[in-house]
Every structure is written in structure tokens, then in C-alpha cells.
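Structure first, commentary second.
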Amino acid sequence: MYSWTRPAHRFLSTSSLNLQALDAWIASPKSLELTDTFHSNHLSDLYITLPTRDGTRGRPFTSPVEGTPLGYGHHLAFFHPRNPEAQLRTDGTDADFCPPEPFTRRMWAGGTMTWNKERALKVGEKATAVSTVAKVEKKGFEAGKPMVFVKQRIEVTVEGRSEPGMVEERAHVYQASVASVGSRVPRQVNNLPKSEFSLSYTPTLTTLFRFSALTFNGHHIHLDKDYAQKVEGYPERLVHGPLTALLLLESLIYHRPGAQLRNFTYRAHNPVFVNCAATIHGAIVAKDKAELWCENDEGDVGMTGVVQFDE
């Protein structure tokens, strides 16, 4: 485990922030519509990246088949903005749905996914994702530690249908770029159930590169060690939040292949670092409910999730 520090905001007076621009951004309507096809070739690249599907754990690699249900969470490999590099932020991220300067430090905080089994997404189908900003909250401004919480709602609807097959909400936290590096111990996560199944893996730099490519994600925090250390204050590059969330879902399906998921809620608690062993744990806590979490060898929990399902 790394002994690490990360950027901790020093006191920032509101006079140093462009609050007028922020309030104008919050008040402005924001939406994005993207169309994509769940191509089997692209999904094959995702499969070979996931430790649950790459054929190395006693189960042979199986290519996705046209017309079969899309894996839970696999839409994350699709519907990404295609912006010129010159229009990206200095950290390599897309500016879509991002508040204005100086709120440029982005963290994936959590989210939800809800599936409509009557309108299930399938491999090979063409679909449209309509993204809107569902909620924006300003927190910590009075205390001099300003943060902007942005909740993005995404509805994915197959061509020719009127109802979405799945609805996702993503929560991002944006902090001001002016920060000082201060020590911080991992957040404690309590009251987890006893693990009933688990899956261990080590996310390598190759894993991060492949997932960045699959999701068209140029965020330097996943790829550039100097950036992660000198700008963000971490000891190493970070594993993508959506990759960890996807592996929570994958672990449940790996151990309960007959589960039909209805809803997934997850939250990030601590960073997950490249080249550090991680274990996905799970427990069935009710006949239609599972709790999942990812932790490192020291027991620090990176992410927790709850799934509602049918069988």
C-alpha cells in the first residue's frame, strides 16, 4: 500500500473565485445527444480487458454475440464525446458538463444505473444517449473549501423505441485548481457484511491504457505519473472510477450468472491505484439484494455498491 498525500484545499475566499461565471453556468441549460452502435468488435476489446471475461480464470474467452443482451454496465464503453484535442481541458478531460475555471479538478464520486428489462439493450443495436445535468450543488464555499457537485443523467434508448433501456446518473465533484498538498489518511468504511464471494486482480498500466482507449478518456490522472504526483498529489496513477464500478457488477454476474439486475448504486470512498492488488467482495444480504465492495491488501475500501436484482 502507498503512504500518500493528496491535494487538500487551503482556505479560498469567494473573492478569488469567479462566482458570477459559475452561477451563469449553473443556470444555463446543458444537454448532449450521442448516437452509437454496440459493435461486437468493440465489446470484444472490453471483454479481453476485464479479468472476469478474458479467459484466464478457468472460463474460456467468449466473444459477444449479435442480438444477445448487452452486459450490465457495458454501455460505459460507448457514447463518448469526440472533441478536438485543442478543446480539451489541460488535464485531458472533455469540457462537457464541467463548470468554468477555476473548478478544474475532477473526481468521479459515484452514481446509479437502472435497467428496463422490457427494453433491454442488445449487442449490435444502435442507440442514442441523451445526457442532461440533473442537479448542481455548491458546497464548502462558506468554509473556504469550495466544491461543485454535478449530477449528470443519461438515458440510453435503442433506435425506434420511445423508452430508454437504461438510465444512468453520474456524480462528479469539481474542486478549484488552487490547492496545497496535505496529508490524508484513507476514509474508513464500516458496517460491511461478511464476504461470501470475491475476485482478486491487479489493475496494471496496460489495464488503464486499454480502458482509457475503450472509453476515449484522455484524463492524465490515469496515464501520466508525473501529472498524478506533481499536480494531483497522488503517489501513482488512479484506476478509473467507472472501471471499478463495472468490476463490481462483473463480479456479481461472474458468481451469480442468473441474476437479472434492476438497479445499481455505488459510491467512491478512496482512490484505487495502478499496480496495487485489489479484491472485489460481495455478499447476498437479501433475496434480491447484493452488497459489493473493492478493497486493497490493507483493507482500505475504494468503492462500495448495492445491487437490486431478480433471479
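Within a 6.0 Å radius of CZ in Phe209, no more than 12 heavy atoms belonging to other residues, nucleotides or ligands are found.
Residue pairs meeting the side chain to side chain donor-acceptor pair (under 3.5 Å) criterion with at least one partner in residues 54-63, sequence neighbours excluded, are Asp54-Thr56. Sorted by first and then second residue, the pairs that involve residues 33-43 and meet side chain to side chain donor-acceptor pair (under 3.5 Å), not counting sequence neighbours, are Thr35-Thr128, Ser40-Glu66. Sorted by first then second residue, the salt bridge (Lys or Arg N to Asp or Glu O under 4.0 Å) pairs that include residues 80-95, not counting sequence neighbours, number zero. Applying the ring-ring contact (aromatic ring centres under 6.0 Å, His included) test to pairs two or more places apart or on separate chains, those with a residue in residues 79-100 are Phe38-Phe79.
Within the 4.5 Å cutoff, side-chain heavy atoms of Leu247 are placed close to those of Tyr201. When side chains are defined from C-beta on, Leu50 counts as touching Leu243, because their heavy atoms get closer than 4.5 Å.
Cluster partners of Val285 are absent, since no Ile, Leu, Val, Met, Phe, Trp or Tyr has side-chain heavy atoms less than 4.5 Å from it.
Phe264 and Tyr266 have parallel rings, their planes meeting at less than 30° on a 0 to 90° scale where 60° marks the start of perpendicular. Taking the six-membered ring for Trp and thresholds of 30 and 60 degrees, Phe141 and Phe103 have ring planes inclined between 30 and 60 degrees apart.
With respect to Lys194 and Glu196, no salt bridge is recorded, no charged nitrogen being found less than 4.0 Å from a carboxylate O. Contact check on Asp310 versus Arg262 returns a salt bridge, with a Lys/Arg side-chain nitrogen under 4.0 Å from an Asp/Glu carboxylate oxygen.
Atom-to-atom distance recorded for Thr114:OG1 and Leu261:CG is 11.0 Å, nearest 0.5 angstrom. The distance from atom CZ of Phe61 to atom CZ of Arg53, rounded to the nearest 0.5 Å, is 9.5 Å.
Nearest heavy-atom pair, Thr52 versus Ser251, reported as atom, atom and distance to 0.1 Å: CG2-N, 4.4 Å.
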Which pairs of donor and acceptor atoms, one on a side chain in residues 20-27, lie under 3.5 Å apart (sequence neighbours left out)?
residue: Asp23; atom: OD1; partner: Lys138; partner atom: NZ; Å: 2.9
residue: Trp25; atom: NE1; partner: Cys98; partner atom: O; Å: 3.3

